[in-house]
Peer 1: 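What follows is a structure written as structure tokens; I'll ask about it next.
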Amino acid sequence: MNEKKGKKRELSFVEKMQKYIRSGLDGSTCPNPLKNDVEEMPSIDERVKRMLGIVNDFQRKPTNMLFFIMYDIESNKVRNQVVKYLEKKGCTRVQKSIFLADLDSSVYETIRNDLAAVQAAYENEDSILIVPLSTDYLRAMKIIGQNINLDIITHSKSTLFF
């Protein structure tokens with residue numbers, strides 16, 4: 001018995017999403033739902049520290065790109081798969097529908113192309129924004145609505161001695 005089982009080729013994110021979409025989105029349950037609900041997200045302090053850790057990393061690769069991914073996706077099924085995809089790619093969730101990434105520009109292009117292909121694959125009114133930014137802009141962010149001292153985290157307070 002010489003059984004040769006060929007390994008099944010793993011489907012890409014876009015191929016998986018096209019398969020889900022062809023199977024029908026309405027009324028179906030989400031495949032592989034997220035284990036970590038958004039209510040279990042780290043505190044705003046921890047998320048801000050993580051974001052600033054990215055921009056203050058002196059060993060950042062010069063080929064890396066810093067960018068936000070923001071989305072408004074109606075389908076739970078599609079939204080959950082996009083979240084899993086972004087986390088797998090190395091993006092950091094900073095709000096329920098906002099991710100921050102510090103990734104190689106080739107990964108940026110892959111994410112951009114994959115999300116565009118998924119968006120185009122089915123009729124929807126969803127929107128996905130991918131916004132490149134500089135470390136200076138991220139350092140200049142302001143947080144409204146939370147009691148957090150960003151100056152302490154960024155170490156941007158200056159002390160004058162007389």
Peer 1: Which pair of heavy atoms, one from G90 and one from L103, lies closest together, and at what distance?
Peer 2: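 That would be O-CD2, 4.2 Å.
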Peer 1: For R60 and M65, which heavy atoms make the closest approach, and how far apart are they?
Peer 2: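 Scanning both residues completely, I find the closest heavy atoms to be NH2-C, 4.3 Å.
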Peer 1: Hey, quick one: are L133 and M70 part of the same hydrophobic cluster, counting side-chain heavy atoms closer than 4.5 Å, chains of contacts allowed?
Peer 2: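 L133 and M70: one cluster.
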Peer 1: In the structure I gave you, are the side-chain heavy atoms of K89 and T110 within less than 4.5 Å of one another anywhere?
Peer 2: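 They are in side-chain contact.
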Peer 1: Hey, are D104 and S106 close enough side-chain-wise for a donor-acceptor pair under 3.5 Å?
Peer 2: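 There is such a pair between these side chains.
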Peer 1: Can you measure from CG (L86) to CD1 (I69) and round to the nearest 0.5 angstrom?
Peer 2: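 So the CG of L86 and the CD1 of I69 are separated by 4.5 Å.
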Peer 1: Are the side chain of D136 and the backbone N or O of S134 linked by a donor-acceptor pair below 3.5 Å?
Peer 2: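 Such a contact is absent between D136 side chain and S134 backbone.
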Peer 1: If you round to the nearest 0.5 Å, how far is CD of Q95 from CG of L100?
Peer 2: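 Rounded to the nearest 0.5 Å, the CG-CD separation comes to 11.5 Å.
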Peer 1: Using a 4.5 Å cut-off on heavy atoms from C-beta on, say whether the side chain of N64 contacts that of Y108.
Peer 2: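 A side-chain contact is absent here, since even the closest heavy-atom pair is not under 4.5 Å.
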Peer 1: Identify, with sequence neighbours excluded, every residue that meets side-chain hydrogen bond (donor to acceptor under 3.5 Å, both in side chains) alongside R50.
Peer 2: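 For R50 there are no side-chain hydrogen bond (donor to acceptor under 3.5 Å, both in side chains) partners, ignoring immediate neighbours.
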Peer 1: Could you pull out the closest heavy-atom pair between E10 and E15, with the gap in Å?
Peer 2: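 It is O-OE1, 4.5 Å.
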Peer 1: Looking at E87 and K84, is there a salt bridge between them, counting it only when a charged N and a carboxylate O are closer than 4.0 Å?
Peer 2: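 Salt bridge absent between K84 and E87.
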Peer 1: I want to check something: taking the side chain as every heavy atom from C-beta on, are Y137 and L66 in contact at a cut-off of under 4.5 Å?
Peer 2: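 No, their side chains stay 4.5 Å or more apart.
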Peer 1: Kindly check if the number of other-residue, nucleotide or ligand heavy atoms within 6.0 Å of CD (E109) is above 12?
Peer 2: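 Yes.
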Peer 1: Using the rule that two of Ile, Leu, Val, Met, Phe, Trp, Tyr join whenever any of their side-chain heavy atoms come within less than 4.5 Å, decide whether L129 and F68 are in one cluster.
Peer 2: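 Yes: a chain of side-chain contacts under 4.5 Å links L129 to F68.
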Peer 1: Atom CZ of F67 and atom OG of S105: how far apart are they, to the nearest 0.5 Å?
Peer 2: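 So the CZ of F67 and the OG of S105 are separated by 9.5 Å.
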Peer 1: Ignoring hydrogens, what is the shortest heavy-atom contact between Y71 and R93? Give both atom names and the distance.
Peer 2: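 In terms of heavy atoms, the two residues are closest at OH-NH2, 3.5 Å.
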Peer 1: Nearest 0.5 Å, what's the CD-CD1 distance between Q119 and I73?
Peer 2: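 Going from CD on Q119 over to CD1 on I73, the span is 7.5 Å.
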Peer 1: To check you understand the geometry: which heavy-atom pair defines the closest contact between D126 and E74, and what is its length?
Peer 2: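 D126 and E74 have their closest heavy atoms at OD1-N, 3.0 Å.
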Peer 1: Looking at I111 and Y85, what are the two nearest heavy atoms and their distance?
Peer 2: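 Shortest heavy-atom separation between I111 and Y85 comes out as CA-OH, 3.6 Å.
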